[in-house]
Amino acid sequence: PPDAHPPPPDAHPPPPDAHPPPTDAHPHSPDAHPPPDPYKSKHFTLINGEAGVFDLEEYGMTISFQSDCLPPNIKECVISISADMTTDIPLPSGSLLTSGVYNITTMPHIDQLNQPVEICMEHCANDIANLCFVVAKDNDQQKFEYMEGGTFEIDAKTGRKIGRIRVSSFSI
């Protein structure tokens, strides 16, 4: 006979629009934060005239901003950040991901910030000599281009591996 036991009361099928979890998690160093839930976005409201730091500990990321970073005609905007933990991101030959890939958007969309924001993110590279940041080209998550600037360091006291870059716009 068919299984006569009903499912446990807390067992719910996934919603119809749910994606299966990734089968191959992004490589993180053992001392890095565990990967965030790739289907959750974090949202922060940035208010014109207020400076601050968004601390996304579970992403190993912070975003710091000055009080005058928004254009004067924008009173506030929502910054949304989500992690892309898939491993099928095409990179230039010889390249290797050393951190998570993050989608950062603003609502309303802002083409250019008045002042750059600083993004700090953890990485897992032991050799930092050839690291660089990349950005999705023309909002196409399958094409990336190298970004100018940015620094990478390994803290001598804590061993924490950090990359920093200042940006005046978000690509996606």
Side-chain angles (χ1 to χ4, degrees), residues 25-86 89 91 95-141 144-172:
H26 177 75
H28 284 277
S29 64
D31 58 341
H33 296 281
D37 181 339
Y39 307 114
K40 284 188 180 176
S41 291
K42 294 289 185 175
H43 308 282
F44 298 96
T45 301
L46 180 58
I47 299 173
N48 207 342
E50 295 183 12
V53 175
F54 298 142
D55 187 358
L56 296 115
E57 185 176 339
E58 67 273 25
Y59 289 3
M61 174 193 288
T62 60
I63 299 178
S64 304
F65 53 93
Q66 299 175 21
S67 61
D68 59 346
C69 72
L70 290 177
N73 62 324
I74 305 285
K75 294 195 185 315
E76 67 180 37
C77 78
V78 174
I79 296 177
S80 298
I81 303 165
S82 61
D84 184 345
M85 304 308 272
T86 63
I89 297 170
L91 296 172
S95 298
L96 177 68
L97 283 176
T98 61
S99 73
V101 175
Y102 301 97
N103 299 322
I104 303 174
T105 58
T106 60
M107 184 54 80
H109 175 74
I110 300 172
D111 288 322
Q112 187 76 25
L113 298 168
N114 277 356
Q115 297 291 326
V117 297
E118 182 180 67
I119 300 174
C120 296
M121 58 186 356
E122 289 188 23
H123 63 82
C124 64
N126 291 321
D127 179 4
I128 60 173
N130 296 313
L131 295 181
C132 68
F133 286 93
V134 295
V135 65
K137 184 176 180 178
D138 300 324
N139 295 334
D140 183 345
Q141 294 182 30
F144 290 86
E145 60 186 28
Y146 295 107
M147 296 177 69
E148 293 289 325
T151 61
F152 297 90
E153 62 188 57
I154 300 174
D155 187 288
K157 291 181 182 178
T158 65
R160 192 167 179 220
K161 302 168 184 179
I162 299 291
R164 300 175 195 277
I165 191 161
R166 295 177 63 78
V167 299
S168 294
S169 64
F170 298 110
S171 67
I172 50 180

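In what follows, every heavy atom counts, from backbone to side chain, and hydrogens, waters and symmetry copies are set aside.
Aromatic ring centres of Y59 and Y102: separated by under 6.0 Å. Note: F44 and F65 fail the aromatic proximity criterion, with ring centroids not under 6.0 Å apart.
Identified under the side chain to side chain donor-acceptor pair (under 3.5 Å) test for residues 111-120, with sequence neighbours left out: H109-D111. Residues in residues 59-82 take part in no salt bridge (charged side-chain N to carboxylate O under 4.0 Å, His left out) pair, two or more places apart or across chains.
At least one donor-acceptor pair under 3.5 Å links the side chain of N48 to the backbone N or O of P71.
At least one side-chain heavy atom of S95 sits under 4.5 Å from a side-chain heavy atom of Y146. Here the side chains of T105 and I79 are not in contact, with every heavy-atom distance at 4.5 Å or above. For the pair V117 and S64, the minimum side-chain heavy-atom distance is 4.5 Å or more. In this structure the side chain of P116 never reaches within 4.5 angstrom of the side chain of C69, judged on heavy atoms. Counting heavy atoms from C-beta outward, E145 and V134 have side chains that stay 4.5 Å or more apart.
Atom CD of residue E122 and atom CD of residue E57 lie 9.0 Å apart, to the nearest 0.5 angstrom. M107 contributes atom CE, which lies 12.5 Å from atom OG1 of T45 (distance to the nearest 0.5 angstrom). A distance of 10.5 Å separates CD1 in I110 from OG in S169, rounded to the nearest 0.5 Å. One finds the CG atom of L113 at 6.0 Å from the OG atom of S168 (value rounded to the nearest 0.5 Å). Within the model, atoms CZ of R166 and CZ of F133 stand 12.5 Å from one another, a figure rounded to the nearest 0.5 Å.
The two residues C120 and I162 make their nearest non-hydrogen contact at CB-CG2, 4.3 Å. Across all their heavy atoms, I81 and I63 have their closest contact at CD1-CD1, 3.4 Å. Considering all non-hydrogen atoms of both residues, I128 and E153 come closest at CD1-CA, 3.8 Å. Listed here is the closest heavy atom pair of H123 and F152: CD2-CD2, 4.0 Å. Minimum heavy-atom separation, E148 to I165: O-CD1, 3.8 Å. A pairwise comparison of heavy atoms in A51 and S67 identifies CB-N, 3.5 Å as the closest pair.
In N130, the CG atom is not crowded: 12 or fewer heavy atoms of neighbouring residues, nucleotides or ligands sit closer than 6.0 Å.
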Residues T106, V78; criterion side-chain contact (heavy atoms from CB on, under 4.5 Å); working and verdict: CA-CA 6 Å; T106 60; V78 174; over 6 Å; no

